Amino acid sequence: MKIAIIGSGGREHAIIKKISPQHQLFAIPGNAGMGVPCLDIPVNNTQDILAFAKREQLDFIIVAPDNPLVAGLVDVLEDAGFACFGPRKSGAQLEGSKIFAKEFMQRHHIPTAPYHAFSCFEEAVAFLSAQKTFPIVIKADGLAFGKGVRVISGLEEGLAYLKALMVERVFGESGAQVLIEEFLEGREASVLAFCDGITLKPMLSAMDYKRALEGNRGLNTGGMGCIAPNPYFTPQIAKECQEKIFAPTLRGIQADKLDFRGCLYFGLMLTDQGVKVVEYNCRFGDPEAQTLFPLLQSDLLEIMQACAKQKLAQQEVRFAPDHACCVVLTSQGYPQDFEVGHALSYPPELDICFAGVKRTQEGLCNASGRVLSITSTAPTLQEARALSYARMAKISLKNGYYRQDIGQL
Ligand code: AMP
Ligand code: GLY
């Protein structure tokens with residue numbers, strides 16, 4: 001089969017690694033470490049992607065990142081006759097608009113933090129000014145490169161953030177509406193599920209490390225590492241999620257006639273008052289994908305095709321009973337300023353998911369914040385963690401930085 005993967009990060013490389021080399025793969029735009037032909041087409045250039053699909057007569061297209069899913073790339077490709085993995089625009093709204101997601105959860109009685117939505121700056125300011133307790137959470141309604149959420153510890157900080165979102169529009173139209181919601185306390189867990197609109201099959205639970213620095217300090221990033229299964233996601237919590245979150249979400253998707261054939265990502269907070277949904281994503285997480293796929297024993301491509309054809313009920317989704325630990329190598333300074341263009345050196349046999357890399361005369365160089373990731377699996381988390389760090393130590397990058405405490409409980 002001829003298959004295109006839309007996206008360019010470690011997640012997309014992890015997808016490519018799980019697809020048998022007997023297939024002809026393309027990445028759009030991909031990265032230089034993926035080892036497949038990369039097309040220099042931005043993910044938001046729907047027309048050029050469609051033209052490429054027609055020219056190559058693609059058999060299957062996997063749309064991995066949030067932006068093209070929310071913009072409706074799958075709608076355009078499917079309407080032109082191409083089979084795709086990824087929700088159509090109607091389903092992708094669960095990630096594309098946080099207010100849409102909150103209204104969906106209210107309508108279908110799915111536990112989440114209480115919130116208020118605002119499209120008028122003055123009303124948001126008045127509401128925030130009347131708050132007596134902090135922290136409180138302010139979120140841009142739309143996509144904001146994963147940076148639209150801020151936990152606010154005082155009124156002044158909150159007013160400045162509302163101004164940045166709604167007046168200065170630092171995230172453009174994504175800040176035209178905002179949410180102000182209750183701060184939830186607890187441990188976070190991610191559960192990604194395959195969904196074809198009729199059936200939902202959760203994968204293993206995962207725990208990602210969002211903060212830049214050890215001890216979960218520093219700024220939020222796109223992800224510094226991840227482990228699976230999540231040690232706090234007990235069978236009892238899984239049961240609670242199935243009854244109160246996963247099943248009602250699937251029923252809600254059906255009742256609201258959302259077209260969701262792809263990966264539905266549940267961002268969860270395990271609170272003293274039960275599990276609550278922090279967010280939905282309409283795609284595989286990064287680095288959750290790099291962490292989970294090495295444990296997946298069933299055929300990923302078959303599962304994705306089953307989702308597209310609404311045949312997931314008959315499809316096996318089986319994971320090894322092992323543990324995985326993924327460590328991300330970043331450019332020192334990420335998520336703020338960092339240098340690019342330094343050469344990477346690593347043993348050629350090392351199994352790496354590449355992300356922000358470019359090829360130059362010196363070989364592969366770092367080209368953005370998250371450079372690559374290493375995942376190891378083993379019967380225990382401790383062993384998986386030790387293996388990942390031993391393998392990471394074999395890589396050298398002048399301004400490379402990675403957290404030393406991924407998987408340390
Ligand atoms: P989101 O993009 O909505 O997932 O938010 C990004 C991160 O912000 C989450 O993974 C949480 O760590 C944090 N967060 C979001 N909403 C809340 C909340 N209501 N209470 C506490 N932390 C939150
Ligand atoms: N790792 C979090 C995300 O992909 O959104």
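Each ligand, and each atom within it, is numbered from 1 in the order the structure gives. Reckoned from all heavy atoms, side chains included, excluding hydrogens, waters and symmetry mates. Heads up: numbering here begins at 1 and tracks the sequence. What you are looking at is a predicted structure, and each value in this text was computed from that prediction instead of being measured.
When only non-hydrogen protein atoms are considered, atom 1 (N) of ligand 2 lies nearest to Glu288 OE1, 2.8 Å.
Which parts of ligand 2 touch Asn281 is read off a 4.0 Å heavy-atom cut-off, strictly below it: atoms 5 (O). The ligand atoms of ligand 2 that sit less than 4.0 angstrom from a heavy atom of Gly285 are 4 (O).
Using a 4.0 angstrom heavy-atom cutoff, Phe284 does not count as in contact with ligand 2.
Within the structure, side-chain hydrogen bond (donor to acceptor under 3.5 Å, both in side chains) pairs that include any residue of residues 216-227 comprise Asn216-Arg403 (at least two apart or interchain).
Checked against the 6.0 Å centroid criterion, the rings of Phe338 and Tyr401 do not qualify as a close aromatic pair. Between Phe134 and Phe183, a ring centre-to-centre spacing not shorter than 6.0 Å is recorded.
The CE atom of Met304 sits 3.5 Å away from atom CD1 of Ile62, with the distance rounded to the nearest 0.5 Å.
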Could you check ligand 1 for N or O atoms lying under 3.5 Å from protein N or O atoms and list the pairs with distances?
unit_1: ligand 1; atom_1: 2 (O); unit_2: Lys98; atom_2: NZ; d: 3.2
unit_1: ligand 1; atom_1: 2 (O); unit_2: Glu279; atom_2: OE1; d: 3.3
unit_1: ligand 1; atom_1: 3 (O); unit_2: Lys98; atom_2: NZ; d: 3.2
unit_1: ligand 1; atom_1: 3 (O); unit_2: Lys139; atom_2: NZ; d: 3.1
unit_1: ligand 1; atom_1: 4 (O); unit_2: Glu279; atom_2: OE1; d: 2.9
unit_1: ligand 1; atom_1: 4 (O); unit_2: Glu279; atom_2: OE2; d: 2.7
unit_1: ligand 1; atom_1: 10 (O); unit_2: Glu188; atom_2: OE1; d: 2.7
unit_1: ligand 1; atom_1: 10 (O); unit_2: Lys210; atom_2: NZ; d: 3.1
unit_1: ligand 1; atom_1: 12 (O); unit_2: Glu188; atom_2: OE1; d: 3.3
unit_1: ligand 1; atom_1: 12 (O); unit_2: Glu188; atom_2: OE2; d: 2.5
unit_1: ligand 1; atom_1: 16 (N); unit_2: Lys139; atom_2: NZ; d: 3.0
unit_1: ligand 1; atom_1: 19 (N); unit_2: Glu181; atom_2: OE2; d: 2.6
unit_1: ligand 1; atom_1: 19 (N); unit_2: Glu182; atom_2: O; d: 2.9
unit_1: ligand 1; atom_1: 20 (N); unit_2: Leu184; atom_2: N; d: 2.8

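For the pair Arg187 and Tyr232, the distance from NZ or CZ to the six-membered ring centre is under 6.0 Å and the angle to the ring normal is within 45 degrees.
Without hydrogens or angle criteria, Asp141 side chain to Ser174 main chain gives no donor-acceptor distance under 3.5 Å. Between the side chain of Asn399 and the main chain of Thr330, no donor-acceptor pair closer than 3.5 Å is present.
Ser331 places none of its side-chain heavy atoms less than 4.5 Å from the side chain of His342.
Summarising the contacts of atom 5 (O) of ligand 2 with Lys210, Glu95, Arg283, the nearest heavy atom is found in Arg283.
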